[in-house]
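Numbering starts at 1 and runs along the sequence shown. Everything quoted here is computed from the prediction, not taken from an experiment.
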Amino acid sequence: MVRLLMALQVAALDPGGPVPVHDALHYRIEVTLPDSGTTITGVVKTQWRLEGSAPLRIDLDTTMQVTTQWRLEGSAPLRIDLDTTMQVTRATINDSRDVIWDRDDNAIVIHHGGERGDSLATTLYYRGAPVDGLVIRGNPLTGRTYFSDNWPNRARRWFPGHDHPADKASVDIIVEAPPALMVIANGNLVQVDTLPSGRVRWSSNQPEPIPTYTMVIGAARFSVATLPPAACAHRCVPQSVWLYPADSAQAMAGPFRRTTSMVDFFSSLLGPFPYQRLDHVQATTIFGGMENVSAIFYSAEAISERRLSEETVAHEVAHQWFGDAVTPREWQDLWLSEGFATYLAMLWRGHADGSEAFFQSLDHARASVVTSQVAGAAIVADTAPRNLLALLNNNTYHKGAWALHSLRGVVGDSAFFAGLRTYYQRFQHRNATTADFVGVMESASGQDLDWYFEQSLRVPGYPRLYADWTHEAETRSLVLTVTQQQRGTLFRLPGLEVEVDGRVVHMDVEGPETSVTLADVAAPPRRVIIDPRVWWLLERHVRE
């Protein structure tokens, strides 16, 4: 996703507990949207594969706190606690018997009586007024709109499920909505039924397993434009753009004009597009873009104000491969999603607009890391993060992208892209960890890369290099010295290129100071460039 654009800060975004014990295989989510007010009713039926006799814990928030900025009219402190009133009214197992449920830390606890390997279905009937997760808004220009805004673990605020990336499931989504609205959800639209009341039921099916943070609905007055299908060399992927009518002129222009090229490029580079279709949707979201499977949501304000960039669209499209089809198993491995999407968007820019555009994006990422307040933090946390929104930082995105770029420089293009394709094929529709990716890249390159990932992902900061030299006129020799001047850990930079008046020298930098002697150098160098082909995230300084 593209990071926060809006001012609203939602509290209580803790990691939400460990990896779920049991395996959710399939959700059937039925939601009735109100004509007025914000109270929804829902029924969620979940197919489970049990991993033991431990009770089922199904995430569903019942209370929360929202903190935002206010203009005060007095000295009294301002604190507002909002109760979602998301209440379960009934629970059944296998549609045959009602069960008594418990509440424990905003989870519904069901004692099932099953054993490891058993399959069963739970059905939860519930209602409530979500103040987050499902955003219900209205204004004179758009009318009422309803949009899921799930990341990271906010799906639990409007439907019950395993709200953790490690438990992916297929999903059917059935939405009953006011008749004036159109509904978008994951996967293919299966059926649209007009009910005797005049309200409309929209049914969609997403057959591939996906994480709950990408299970979404959107309902609004849309103008829908069909884009050219993509990736037809393998299987044509239908595409469309869903915009508010006032903004519909952007459907075939602006940031969406080259989405077919994006899908074509990523399919050729990585492997076939993982889902049945791809829709681009104007939506109310706290993010600039959100990579919901097959239905990407983009900030309504960014589209209306013509601020949505092509690189943002490319980033979200790339997420369909990494983040969605291949999903990090743990939150602290988020760089496997955001770093990958950031680097792939750079690669698409280079493909579409030339190498200068690629290096502009790479340089922007470098500047973001260097100037970031968290530039000294590691990309991959050693322990589970306390606040998941804190993971949306320049390390996860831009330093993660640089980790991939420098890896490409270390192992070479052939091994790097072969490794990406193997990683995608092996973990498609599954979960992966950083260790999984390291193992694939070591096999692809035939190299031990533990040292590389340790320093790229877990060592704070980046190298600051200074190049100096001593020239001996009598022997026509030049001693070139590169010194690491950053505080803390020394970095290993094998094969670092230094260009001396057009002559490229390779230096295996490991310690605080590395020197190499060049023969047949008639005069002191006029120009020295550290890393001229830009493979490493570093600061470079050269003696004047």
Side-chain angles (χ1 to χ4, degrees), residues 1-3 288 309-312 314-315 318 322 334-380 391-413 416 420 449 451-467 482-499 504 506-507 509 527-542:
M1 86 231 23
V2 173
R3 287 172 290 169
S309 69
E310 263 194 321
E311 195 156 359
T312 293
H315 179 104
F322 294 115
L334 187 64
W335 85 280
L336 294 172
S337 175
E338 298 301 345
F340 277 51
T342 301
Y343 189 58
L344 287 167
M346 294 178 188
L347 291 176
W348 178 79
R349 277 203 71 195
H351 166 78
D353 299 324
S355 60
E356 183 176 349
F358 169 75
F359 284 109
Q360 285 176 352
S361 295
L362 200 61
D363 191 59
H364 170 73
R366 181 207 303 270
S368 296
V369 174
V370 170
T371 61
S372 171
Q373 293 182 355
V374 293
I379 292 175
V380 179
L391 291 172
L392 304 183
N393 59 54
N394 281 319
N395 288 314
T396 305
Y397 287 74
H398 297 121
K399 199 174 180 187
W402 265 99
L404 290 172
H405 181 66
S406 298
L407 174 65
R408 178 183 165 196
V410 169
V411 303
D413 276 9
F416 177 77
L420 277 188
L449 296 172
W451 67 270
Y452 174 78
F453 285 100
E454 179 66 25
Q455 77 175 25
S456 296
L457 303 181
R458 296 182 175 89
V459 171
Y462 45 84
R464 293 176 169 88
L465 302 186
Y466 176 75
V482 171
T483 305
Q484 296 195 52
Q485 298 189 331
Q486 73 278 358
R487 294 180 179 178
T489 304
L490 296 173
F491 289 82
R492 177 180 171 187
L493 308 172
L496 174 71
E497 295 179 344
V498 181
E499 183 179 314
V504 177
H506 293 86
M507 305 178 68
V509 173
R527 187 183 188 197
V528 174
I529 304 173
I530 299 173
D531 190 27
R533 293 196 296 166
V534 193
W535 284 115
W536 297 98
L537 173 64
L538 49 80
E539 286 186 25
R540 46 191 177 179
H541 306 277
V542 178

Do you know the tightest heavy-atom contact between Ala365 and Met346?
-> CB-CE, 3.5 Å
Tell me, do Pro463 and Glu539 make a side-chain contact under 4.5 Å, heavy atoms counted?
-> no
Distance from Thr483 atom OG1 to Leu465 atom CG, nearest 0.5 Å?
-> 8.5 Å
Salt bridge (charged side-chain N to carboxylate O under 4.0 Å, His left out) against Arg408, all qualifying residues, sequence neighbours excluded = Asp413
CZ-CG distance between Phe416 and Leu404, expressed to the nearest 0.5 angstrom | 5.0 Å
Side-chain contact, heavy-atom cut-off 4.5 Å: Tyr462 with Leu537?
-> yes
With sequence neighbours left out, what residues match Glu454 under side-chain contact (heavy atoms from CB on, under 4.5 Å)?
-> Arg458
Do the non-hydrogen side-chain atoms of Asn395 and Leu457 ever get within less than 4.5 Å of each other?
-> no
Begin with the C-alpha distance, continue with both residues' side-chain angles, and end with the deciding distance and a verdict on side chain to side chain contact (heavy atoms under 4.5 Å, CB included) for Gln484 and Val509.
-> CA-CA 9 Å; Gln484 296 195 52; Val509 173; 3.6 Å; yes
How far does OH of Tyr397 sit from OG of Ser368, to the nearest 0.5 angstrom?
-> 12.0 Å
With sequence neighbours left out, what residues match Tyr343 under ring pair (Phe, Tyr, Trp, His ring centres under 6.0 Å)?
-> His405
Working for side chain to side chain contact (heavy atoms under 4.5 Å, CB included), residues Val498 and Val528 = CA-CA 7 Å; Val498 181; Val528 174; 3.7 Å; yes
Rounding to 0.5 Å, atoms CZ (Arg464) and CD (Gln486) come to a distance of 7.5 Å
Under the side-chain hydrogen bond (donor to acceptor under 3.5 Å, both in side chains) rule, collect the residues that match up with Asp363, sequence neighbours excluded.
-> none
By side-chain hydrogen bond (donor to acceptor under 3.5 Å, both in side chains) - contacts of Arg366 (at least two apart) | none
Taking all atoms of both residues into account, what is the closest heavy-atom pair of Gly495 and His506, and its distance?
-> O-CD2, 3.6 Å
Step-by-step side chain to side chain contact (heavy atoms under 4.5 Å, CB included) determination, Glu338 to His315 | CA-CA 9 Å; Glu338 298 301 345; His315 179 104; 3.0 Å; yes
Tell me, please, which residues at least two apart from His541 pass ring pair (Phe, Tyr, Trp, His ring centres under 6.0 Å).
-> none
Roughly how far, to the nearest 0.5 Å, is the CG atom of Asn393 from the NE2 atom of His398?
-> 10.5 Å
Start with the C-alpha distance between Gln455 and Thr489, add both sets of side-chain angles, then the distance that settles side chain to side chain donor-acceptor pair (under 3.5 Å), and finish with yes or no.
-> CA-CA 9 Å; Gln455 77 175 25; Thr489 304; over 6 Å; no
Close side-chain approach of Trp451 to Pro494, heavy-atom, < 4.5 Å = yes
All salt bridge (charged side-chain N to carboxylate O under 4.0 Å, His left out) counterparts of Glu499, not counting sequence neighbours | none
Trp335 and Phe340 aromatic centres sub-6.0 Å | yes
Partner residues of Ala367 under the side-chain contact (heavy atoms from CB on, under 4.5 Å) criterion, sequence neighbours left out | none
Residue set satisfying side-chain contact (heavy atoms from CB on, under 4.5 Å) with Arg487, at least two apart, ordered chain then number -> none
For Thr342, all residues meeting side-chain hydrogen bond (donor to acceptor under 3.5 Å, both in side chains), sequence neighbours excluded = none
Would you mind reporting whether Ser456 and Trp402 have side-chain heavy atoms less than 4.5 Å apart?
-> no
What residues form a side-chain hydrogen bond (donor to acceptor under 3.5 Å, both in side chains) with Arg533, not counting sequence neighbours?
-> Glu497
If you take all heavy atoms of Ser406 and Tyr452, which pair is closest and at what distance?
-> CB-OH, 3.1 Å
Is any side-chain heavy atom of Val542 closer than 4.5 Å to a side-chain heavy atom of Tyr466?
-> no
Any side-chain heavy-atom pair of Gln360 and His364 under 4.5 Å | no
Could you go through the side chain to side chain contact (heavy atoms under 4.5 Å, CB included) check for Trp535 and Leu496 one step at a time?
-> CA-CA 9 Å; Trp535 284 115; Leu496 174 71; over 6 Å; no
Heavy-atom side-chain proximity of Phe359 to Val534 below 4.5 angstrom = yes
Kindly write out the residues that satisfy salt bridge (charged side-chain N to carboxylate O under 4.0 Å, His left out) with Arg492, not counting sequence neighbours, or none if the list is empty.
-> none
Distance col, row Trp536:CH2 vs Leu493:CG, nearest 0.5 angstrom, shows 5.0 Å
